[in-house]
Asks: 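Dropping the structure in here first, questions after.
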Amino acid sequence: MSPLASVPILRDLMETLAQLGTRHRRRLPFMSPAIERRRPRIVAEDYAARHSIDHTLHRKAELRRLAPTNPEAARRYHQLLSYEVGGLREVVAALESISGGRDWQECIAENRAEIARLDIEVAWCSEFLGPWQARPSA
């Protein structure tokens, strides 16, 4: 036994320090790694992002369905498509400014294919906007 262990206060302090070093059923939050501390928040953010994406996709599908008959839906759908194409073009421009490997080039090619598909969709939607934009609104 060490000489420090004979003093009651020091003995209690040594026992407390020994307990802190052992694994408990419940870990103290500040002692866990940063990713583990953020895990509940990450899960919540992931859920919210998936819900937002699902909502946007459903809304976009509904607008696409209504675009041929509803001028407001056609305008909003055209606006959403334009934002999406613009964002993808910015992503491709940013990716092209960075050197990367084969995966990088595949990512750029996939984004360009998506831009081409969206350009076709924008042109399709623009056909519906033409007649309605020419009419004067009352």
Side-chain angles (χ1 to χ4, degrees):
M1 189 180 244
S2 69
L4 294 177
S6 61
V7 180
I9 294 175
L10 293 176
R11 185 177 54 235
D12 290 342
L13 179 63
M14 286 177 53
E15 288 173 4
T16 303
L17 289 174
Q19 288 176 355
L20 283 176
T22 62
R23 291 207 177 263
H24 291 286
R25 273 191 335 217
R26 182 175 166 202
R27 289 178 70 176
L28 300 172
F30 67 88
M31 294 182 73
S32 58
I35 192 70
E36 288 182 19
R37 287 193 309 263
R38 284 191 28 86
R39 185 164 287 137
R41 187 172 175 190
I42 290 170
V43 169
E45 289 170 356
D46 187 44
Y47 174 81
R50 275 186 279 125
H51 177 73
S52 178
I53 289 168
D54 286 346
H55 175 75
T56 302
L57 291 174
H58 289 302
R59 178 73 176 136
K60 190 175 161 188
E62 182 69 13
L63 288 171
R64 186 182 197 292
R65 187 181 67 74
L66 294 172
T69 58
N70 185 330
E72 190 57 38
R75 271 190 226 98
R76 182 67 179 137
Y77 186 56
H78 187 272
Q79 183 183 34
L80 286 174
L81 289 173
S82 298
Y83 289 153
E84 191 173 353
V85 169
L88 280 174
R89 285 192 172 119
E90 288 179 21
V91 167
V92 168
L95 290 174
E96 287 175 337
S97 68
I98 302 170
S99 62
R102 196 178 100 216
D103 292 340
W104 212 261
Q105 295 304 319
E106 287 176 7
C107 182
I108 292 172
E110 287 173 9
N111 280 312
R112 284 188 180 146
E114 183 66 13
I115 289 170
R117 188 191 68 75
L118 286 171
D119 282 338
I120 292 168
E121 193 75 11
V122 168
W124 173 81
C125 188
S126 295
E127 291 177 14
F128 298 116
L129 287 177
W132 290 316
Q133 287 177 344
R135 294 182 200 156
S137 58

Asks: Hey, is CD1 on I42 packed in by over 12 heavy atoms from elsewhere, all under 6.0 Å?
Replies: yes

Asks: Apply side chain to side chain donor-acceptor pair (under 3.5 Å) to E62 and list each qualifying residue two or more places apart in sequence or on a separate chain.
Replies: R65

Asks: Could you walk me through whether Q105 and R102 pass side chain to side chain donor-acceptor pair (under 3.5 Å), step by step?
Replies: CA-CA 5 Å; Q105 295 304 319; R102 196 178 100 216; over 6 Å; no

Asks: Any Lys/Arg nitrogen of R50 or D46 sitting under 4.0 Å from an Asp/Glu carboxylate oxygen of the other?
Replies: yes

Asks: Applying ring-ring contact (aromatic ring centres under 6.0 Å, His included), name anything that partners W124, two or more places apart in sequence or on another chain.
Replies: F128

Asks: Going by side chain to side chain donor-acceptor pair (under 3.5 Å), name the residues that satisfy it together with E110, two or more places apart in sequence or in a different chain.
Replies: none

Asks: List the atom of C107, the atom of L95, and the distance in Å for their closest heavy-atom pair.
Replies: SG-CD1, 3.8 Å

Asks: Against R89, only a single residue in V91, V85, V92 fulfils side-chain contact (heavy atoms from CB on, under 4.5 Å); can you say which?
Replies: V85

Asks: Could you tell me the separation between the CZ atom of R75 and the CG atom of L63, rounded to the nearest 0.5 Å?
Replies: 12.5 Å

Asks: Could you check M14 against R11 for side chain to side chain contact (heavy atoms under 4.5 Å, CB included), going step by step and ending with a plain yes or no?
Replies: CA-CA 5 Å; M14 286 177 53; R11 185 177 54 235; 5.7 Å; no

Asks: Under a 4.0 Å threshold between the charged nitrogen and the carboxylate oxygen, would E45 count as salt-bridged to R41?
Replies: yes

Asks: Can you pull the ring pair (Phe, Tyr, Trp, His ring centres under 6.0 Å) pairs that have at least one residue in residues 70-110, sequence neighbours excluded?
Replies: none

Asks: So, S52 side chain and A48 main chain: donor-acceptor pair closer than 3.5 Å or not?
Replies: no

Asks: Tell me every residue that passes salt bridge (Lys or Arg N to Asp or Glu O under 4.0 Å) with R59, counting only those two or more places apart in sequence or in another chain.
Replies: none

Asks: Nearest heavy-atom pair of L81 and C125: which atoms, and what distance?
Replies: CD1-CB, 4.4 Å

Asks: Quick one: name the residues clustered hydrophobically with I53, using the 4.5 Å side-chain heavy-atom rule over I, L, V, M, F, W, Y, and just say none if it's on its own.
Replies: L57

Asks: How far apart are the closest heavy atoms of A94 and S97, and which atoms are they?
Replies: O-OG, 2.7 Å

Asks: Over all heavy atoms of both residues, which pair between A73 and L66 is shortest? Give the atoms and the distance, please.
Replies: CB-CB, 3.6 Å

Asks: Calculate, to the nearest 0.5 Å, the distance between atoms CD and CD belonging to E84 and E121 respectively.
Replies: 9.5 Å

Asks: Find the distance between CD1 (I9) and CG (D12) and round it off to the nearest 0.5 Å.
Replies: 8.0 Å

